[in-house]
Structure formats: structure tokens, C-alpha cells
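A short worksheet on the structure shown next.
Note on naming: letters A, B, ... go to the chains in the order of the sequence lines (proteins, then strands), and numbering restarts at 1 for each one. Values reported hereafter were calculated over all heavy atoms of this structure, with side chains retained and with hydrogens, waters and symmetry mates removed.
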Number of protein chains: 2
Amino acid sequence: MLSDRQLLIFQVIVDDFIRSAQPVGSRSLSKKEEIQFSSATIRNEMADLEELGFLEKTHTSSGRIPSEKGYRFYVDHLLSPQQLDAKDVDSVRSIFAERIFEMEKLVQKSAKILSELTNYTSIVLGPAVRENKLRRIQIVPLNNEAAIAIIVTDTGYVENKMFHLPPGIDTGDIEKFVNILNERLTGVPLEELNSKIYKEVAFVLSQHIRSYDAMLSSIADSLKLPVNERLFFGGKTNMLSQPEFHDFVKIKNLLTMIEHEEDMYDIIRQNPSGINVKIGKENGVSAMEDCSLITATYSIASEQLGTIAILGPTRMEYSRVISLLQFLSTDLSTALTKLYQSK
Amino acid sequence: MLSDRQLLIFQVIVDDFIRSAQPVGSRSLSKKEEIQFSSATIRNEMADLEELGFLEKTHTSSGRIPSEKGYRFYVDHLLSPQQLDAKDVDSVRSIFAERIFEMEKLVQKSAKILSELTNYTSIVLGPAVRENKLRRIQIVPLNNEAAIAIIVTDTGYVENKMFHLPPGIDTGDIEKFVNILNERLTGVPLEELNSKIYKEVAFVLSQHIRSYDAMLSSIADSLKLPVNERLFFGGKTNMLSQPEFHDFVKIKNLLTMIEHEEDMYDIIRQNPSGINVKIGKENGVSAMEDCSLITATYSIASEQLGTIAILGPTRMEYSRVISLLQFLSTDLSTALTKLYQSK
DNA sequence: GTTAGCACTCTTTTATAACGAGTGCTAAAT
DNA sequence: ATTTAGCACTCGTTATAAAAGAGTGCTAAC
């Protein structure tokens with residue numbers, strides 16, 4: 001569909017604009033060594049590329065910038081899987097250098113490094129605990145009225161919630177109660193806990209414990225997991241350095257959007273596994289229409305755990321970011337699998 | 001030291017500037033109804049106030065704005081304890097409307113409401129767990145190599161940490177170990193845990209458990225509390241709407257500073273109990289030299305728990321914010337005392 | 001098919017002037 | 001002895017115009 005020359009010109013324009021953030025003109029293009037034809041020829045090609053919808057002008061006599069369709073094409077067809085810079089490799093590896101133990105810490109550090117490396121904003125979702133299996137339930141009474149329910153999963157994730165004790169319950173009952181829960185529920189994935197409690201455990205409890213139901217509903221309520229997986233951010237303010245956001249309305253909208261965790265959660269979470277690129281309006285949110293979002297998923301063995309994402313301007317270093325995310329998500333998956341698979 | 005007329009003029013200037021963010025001129029002042037003298041008189045007084053260091057000009061022929069010294073004087077001497085708006089009272093009360101249980105939730109909601117009410121940034125530190133008393137230690141083994149240590153305090157605070165199990169330890173030993181810890185350490189304030197473990201518990205353990213020391217040091221290490229109390233923020237991006245921050249360098253520095261949790265932690269934490277106002281350079285941080293920080297502490301009974309703070313431009317609604325913080329911190333203290341004092 | 005040349009467009013920069021809000025000072029009024 | 005009216009002056013802001021510069025589209029020559 002596009003001639004080789006058009007491809008070449010298009011690619012150079014995109015690369016140049018990604019680097020400089022300035023519209024690219026025919027004259028400056030003609031001076032590049034990889035381009036051998038005159039500025040007039042380039043102008044003709046550029047006009048064609050614009051007609052095809054790959055380029056845009058900011059005003060009648062300006063140079064060209066890539067359109068969203070252009071970026072999409074660039075990402076889909078012009079991005080050769082590029083070798084990652086040795087420095088970048090080192091930086092990513094440094095995440096795993098210390099023998100970090102908790103998943104969350106690892107994931108948090110990943111977010112930090114990613115944002116420093118790219119100078120964009122990084123967002124990491126996870127790790128998902130939905131499919132974690134229950135390791136232990138504990139109940140710690142605080143006083144006559146309240147107690148804490150604690151659950152621990154096989155990956156070391158701990159969740160806790162305070163609840164009211166039914167009046168008049170005694171410690172022996174609580175202990176029995178917990179023992180029954182542990183007997184019946186250990187090994188059950190968190191997402192099935194709630195239904196399992198009512199379907200299978202309630203009956204057993206009823207036979208052993210007076211007034212079990214008040215407590216059971218308190219507990220079941222407390223354990224209404226999955227708790228939203230947490231989001232971790234890195235470099236929230238990095239976008240302030242991007243020239244396209246030297247505009248108070250834009251930056252305010254964007255930062256406000258980022259602060260709004262529930263929305264971000266939905267946006268990140270809806271991405272399918274593997275690498276994913278959403279460009280500009282594809283994000284479906286007006287605050288992000290000058291942004292691109294690249295996501296990658298990570299997993300333990302084949303079980304998808306979470307998502308790493310980079311949010312940058314549409315004029316983003318797609319190639320490098322994609323390589324980075326690919327590399328990091330693979331490494332993260334490997335590390336986590338090694339840590340938690342070897343039960 | 002200052003005449004009544006000077007006080008009046010000064011107060012009106014500050015109030016006006018706080019409202020409008022515009023330098024205040026003599027003519028516009030003379031038109032206010034509370035001011036009965038001519039603009040020329042006002043000019044003379046303003047010149048004197050400037051000489052005394054309470055006012056500044058932005059350029060030779062501009063109106064006046066309050067200097068930092070001026071704000072300091074205003075806060076220290078001109079602020080009458082003002083009645084809080086009925087709306088504000090309602091909003092603050094709404095924090096306690098739902099019967100919230102966990103301290104952290106309460107504190108988080110306070111941060112949110114405060115920032116919405118003021119359109120400044122709110123920062124809440126706490127609640128401190130240093131003096132919380134240990135209620136229970138649990139150890140949950142995950143596999144042969146790792147286990148989770150969980151501690152629960154009398155206020156329902158839960159902290160957990162993963163640690164390595166010494167090779168070859170058996171479950172019976174772990175159980176004994178935990179029982180001894182609980183016997184000896186229940187009721188001990190978190191901040192004393194570490195020393196107590198080594199001084200009093202180590203010996204007992206040594207008599208009952210083989211290879212106790214490897215595990216003890218893992219655990220003690222894990223429990224190296226107090227974990228920094230957490231910071232909660234509200235309205236991080238609110239400062240973007242303040243006209244004094246319509247400057248990319250300033251806003252970037254400020255937001256970056258805010259993101260840097262450790263620094264913020266120190267800044268908030270160092271404030272003594274009660275209401276505290278830091279104006280501009282008094283904050284000692286260049287990123288905050290156009291800001292004022294107002295802090296208030298909250299407590300359970302007489303034990304100080306944490307700090308609520310509002311970060312705004314130096315041109316801040318001091319009177320209203322101080323009233324708000326005073327009111328909220330009192331209410332928060334009362335609510336928490338009621339919840340947790342009645343053990 | 002390619003390219004040199006040129007008129008034209010539009011932004012950015014620079015210069016200049018006009019405006020206006022505000023001051024400080026002097027001299028008159030109270 | 002204050003207070004105030006009056007006025008010259010300052011300086012930032014706004015408006016206008018002109019010049020510069022980067023880039024385009026089109027035509028005609030190569």
C-alpha cells in the first residue's frame with residue numbers, strides 16, 4: 001500500500017518527532033543522511049501521507065506530525081523488535097538484585113525503576129490475589145465487642161478486617177469457629193471463599209457453635225474479597241516535563257485522572273494479556289487523549305497476576321518502552337514463578 | 001506599636017489579597033466601606049507598613065501584598081477565633097456519620113474531606129502505632145523456607161512481614177516459639193518489642209527450642225517497628241488551581257516534593273502538638289517557600305496519635321483552615337477515644 | 001519522476017506605542 | 001498637624017505593526 005520511500009519518510013518523521021516534539025519539515029528531512037531525495041519530493045510524499053491520514057499539520061504552513069492513525073501504523077508495522085540498551089537491561093535487572101521477598105515490594109520497585117528509566121508515568125497493577133489460595137484464617141479478639149479477622153494466602157499476602165463480635169460469645173467458641181474454617185477452607189482460592197463459606201461451612205458450624213450465624217456473616221462480610229488489587233505508581237509528576245503538557249488545563253485533567261484510583265484501576269485492568277498499546281483517543285478518556293498507554297501483563301506460571309503499564313504522551317518512545325515492558329514483565333514472571341511456584 | 005488605623009488597613013489588605021490574589025492598591029481600599037479615609041492617607045500608611053516589613057510591592061508602582069512577616073503577624077495577632085461555617089461543620093461531621101471502625105479509614109476520609117473543603121492539599125499522618133500494645137503475634141508458615149509473621153495491636157492495627165525459616169525447623173517448634181512470644185510480649189508497646197525480645201525472651205526461648213536464635217533474629221528483624229506511620233493525602237492536584245502556582249517550575253517542584261513521602265513524613269512529623277502554622281520560608285524547603293503549612297495533632301485520651309495538615313499557598317485562608325483543623329482534630333480525638341479507650 | 005524556484009501562509013519575534021493601575025510627593029484644605 | 005487633592009512618574013499589560021523564519025503548494029524546467 002505504501003511505497004518503500006513513503007515508509008522511509010514516514011518512519012523518519014515519526015522518529016524525529018518523537019525525539020524533538022517539533023513538527024518536521026521537508027527541508028530538515030532532506031538533510032538527513034538516510035534520505036537522498038530533494039525537499040520537493042519529500043513535500044509531495046508528505047502531502048500523500050497526509051491525504052492517507054498518517055500525518056497532520058498543526059497549521060497550514062507547518063511541518064508534519066504523526067496522526068493517531070499514523071502512530072497506530074507505526075506501532076503495528078514499523079516497529080522492529082529492537083535490542084534493549086545495555087543500561088536499561090542493567091536497570092531492570094537491579095530490581096531483582098536484592099533478594100526481595102514480598103511480591104508487593106518487587107512490584108513497587110518495578111514501578112519506580114520504570115518511571116525513572118522512561119521519564120513517563122508508570123502504573124503497576126497487582127499482584128492479583130483472587131486466585132491465591134487460603135493458607136490460614138486467624139481471628140484475634142481485641143475486646144468484648146470487636147475482633148480482627150486475618151487471612152493469609154499461599155503467596156504471603158495478608159489481608160485483615162475488623163468486625164463486631166456478637167454479644168456474649170466466648171473465646172472457646174471463637175477458637176472452634178476458626179478451627180472449622182481452617183479445616184474446611186485451607187487451599188480454597190480467595191474468590192471462592194464467600195460462596196464456599198455459605199454452601200459448605202455454615203452447616204458444620206451450626207452443629208458445633210451457638211450463635212455461629214451472627215459471627216459467620218460478620219466474617220464472610222469482612223472477607224468479601226477480592227479486595228481490589230492495589231495500584232502502584234511511579235513518576236506521577238513526570239508528565240509535567242513533557243512539552244505537550246505545558247498547558248494547565250491538560251495537566252490538571254491528567255493528574256486528577258491519575259489520582260482517581262478507581263478509574264485508573266478499570267483502565268489498566270481491562271487490558272488483555274501480553275503487550276498492549278492504546279494511543280490517544282483509543283483510551284476512551286478525554287483526559288488521556290494526548291497520551292498513550294502501553295501495558296504488559298505478568299504471571300506466575302500460566303496464571304496471570306497483574307499488569308505493568310507506562311503512560312506517556314502519544315509522542316512516546318514506543319519502541320524502547322515496549323522492549324522495556326516486555327523484558328521486565330518476562331523477568332518479573334520468571335522471578336515470581338521461581339519464588340512462589342516451588343511450594 | 002501599630003496604630004489602630006494601621007492595623008485596620010493591614011488586616012483589610014491581607015483579607016483582600018487572600019481572597020483575590022491581586023496586589024491591593026490604595027484606591028480600591030479607600031472604596032471599602034469599613035475604610036473612611038482617602039487613598040492618599042492610605043498610601044502614607046501603606047508606605048509605613050512597608051517600612052516596618054509587613055507589606056511588599058511586586059514592583060515599584062504596584063499595589064501591596066503581605067510579606068511573610070506580615071502573614072506571621074496576621075496569624076499571631078489579627079486572627080480572632082472565628083466561628084466555623086455551618087456547612088463546614090456539617091462536612092466535617094459527615095466524616096463520623098458512618099460508623100467507621102478502622103482508624104486508618106477514618107483518617108483517610110478526613111484527608112479527603114479536608115482537601116475538598118479547602119481546595120488545598122491535605123496531609124494526614126497517622127495514627128501512630130509506636131505506643132500501641134501488642135495483642136498477638138502469629139506465625140504462618142508458607143512452605144519449608146518462608147513464613148509470615150503477623151502482629152496485631154490493641155487498636156486493631158495489623159502488620160506483617162515475610163521471613164526465611166531456618167532450615168530443618170519443625171512446626172512444633174514454631175508453635176512453641178509463638179506461644180512463648182505471646183506469653184511474654186502481649187501488652188508490650190510496639191516500640192519496646194525489639195529490646196524486650198532480646199533482653200527477656202531470648203533466654204526463655206533458648207531453654208525450649210533448638211536453633212531458636214536464627215528464627216528469633218529473623219523475627220526480631222521483621223518486627224523492627226515502628227514502621228513509619230503512613231501518610232494519607234487529599235487533593236494533591238489542588239495546588240494546580242492556585243494562581244501562584246501557574247508556573248511550571250514551581251508546581252513541578254512542589255508536586256515532586258509532595259510525592260517524596262519520606263521528606264513529607266519528616267516535615268509533618270516534626271510539628272509539636274496543637275495547632276501550628278509554618279509560613280513560606282519557615283518551612284525550610286525551597287519547594288515550599290510559596291506555601292504555608294498548618295498542622296494540628298490528634299490523640300487518644302492524652303496520647304498523641306498523629307497529625308492533620310493542610311498545605312496551601314502562603315496566601316491561604318488561615319482563619320478558616322485553622323478553625324477547620326481545630327474542629328476536626330478535636331472531633332477526631334473524641335471519636336477515637338470513644339472507640340478505643342473503652343477497652 | 002524529480003527538483004529548483006517562488007509566491008504565499010502562518011507562527012514567532014521584535015519594536016513601539018498606548019493604557020491603566022498604582023505610587024510618591026507637594027501643596028492646599030481642614 | 002493631619003488629611004487629602006492633584007499630578008508627575010513608574011512599570012506591567014495590552015495592542016498594533018512590522019519583520020523574520022520555517023514551511024508549504026504549485027509550476028515549470030530538468
Problem set entry | Whole-Å gap separating C1' (dG1(C)) and CD1 (Ile9(A)) | 14 Å

For this session: Give the ring-plane orientation class for Phe248(B) versus Phe248(A), where under 30° counts as parallel, over 60° as perpendicular and anything between as tilted.
Result: tilted

Exercise. CD1 of Ile13(B) versus C1' of dG22(C): gap in Å, rounded?
Worked result: 13 Å

Problem set entry | Side-chain touch Leu2(B)/Leu52(B), heavy atoms, less than 4.5 angstrom | yes

Problem set entry | Set of residues satisfying salt bridge (charged side-chain N to carboxylate O under 4.0 Å, His left out) with respect to Lys32(B), sequence neighbours excluded | Asp16(B)

Exercise. Do Ser38(A) and Thr41(A) meet the criterion of a side-chain donor-acceptor pair at a distance under 3.5 Å?
Worked result: yes

Problem set entry | Value in whole Å for how far the C1' atom of dG22(C) lies from NZ of Lys57(B) | 9 Å

Exercise. Do any of residues 17-43 of chain B sit with a heavy atom less than 4.0 Å from DNA chain C, and if so which?
Worked result: Gly25(B), Ser26(B), Arg43(B)

Problem set entry | All ring-ring contact (aromatic ring centres under 6.0 Å, His included) counterparts of Phe327(B), not counting sequence neighbours | none

Problem set entry | Whole-Å distance separating the CG atom of Asn44(B) from the P atom of dG24(C) | 9 Å

Problem set entry | Heavy atoms of other groups near Lys112(B) NZ, more than 12 under 6.0 Å | no

Exercise. Do Leu254(A) and Leu311(A) have side-chain heavy atoms sitting under 4.5 Å apart?
Worked result: yes

For this session: Applying side chain to side chain contact (heavy atoms under 4.5 Å, CB included), name anything that partners Ser286(A), two or more places apart in sequence or on another chain.
Result: Glu289(A)

Exercise. Should the ring pair Tyr71(B) and Phe17(B) be called parallel, tilted or perpendicular, given that the plane angle runs from 0 to 90° and is split at 30 and 60?
Worked result: tilted

For this session: Output yes when at least one side-chain N/O atom of Arg64(B) is less than 4.0 Å from OP1 or OP2 of dT23(C), else no.
Result: yes

Any N/O pairs under 3.5 Å between the protein and nucleotides 27-30 of chain C? List them or say none.
none

For this session: Treat primed atoms plus P, OP1 and OP2 as sugar-phosphate and everything else as base, then score nucleotides 7-18 of chain C 5' to 3': B for base contact with protein heavy atoms under 4.0 Å, S for sugar-phosphate contact only, - for none.
Result: --BBS-------

Problem set entry | Interatomic distance where CG belongs to Asp48(A) and P belongs to dG25(D) [whole Å] | 10 Å

For this session: Please state how far atom CG in Leu49(A) lies from atom P in dG25(D), giving the value in whole angstrom units.
Result: 12 Å

For this session: Anything under 30° is parallel, anything over 60° is perpendicular, the rest tilted; go ahead and classify Phe10(B) against Tyr74(B).
Result: perpendicular

Problem set entry | Between dG23(D) (C1') and Leu55(A) (CG): distance, integer Å | 14 Å

Exercise. Taking CE from Met46(A) and C1' from dG23(D), how many angstroms apart are they, rounded to a whole number?
Worked result: 8 Å

Problem set entry | Residue of the set Asn44(A), Ile42(A), Leu55(A), Leu7(A) for which side-chain contact (heavy atoms from CB on, under 4.5 Å) holds with Leu49(A) | Leu55(A)

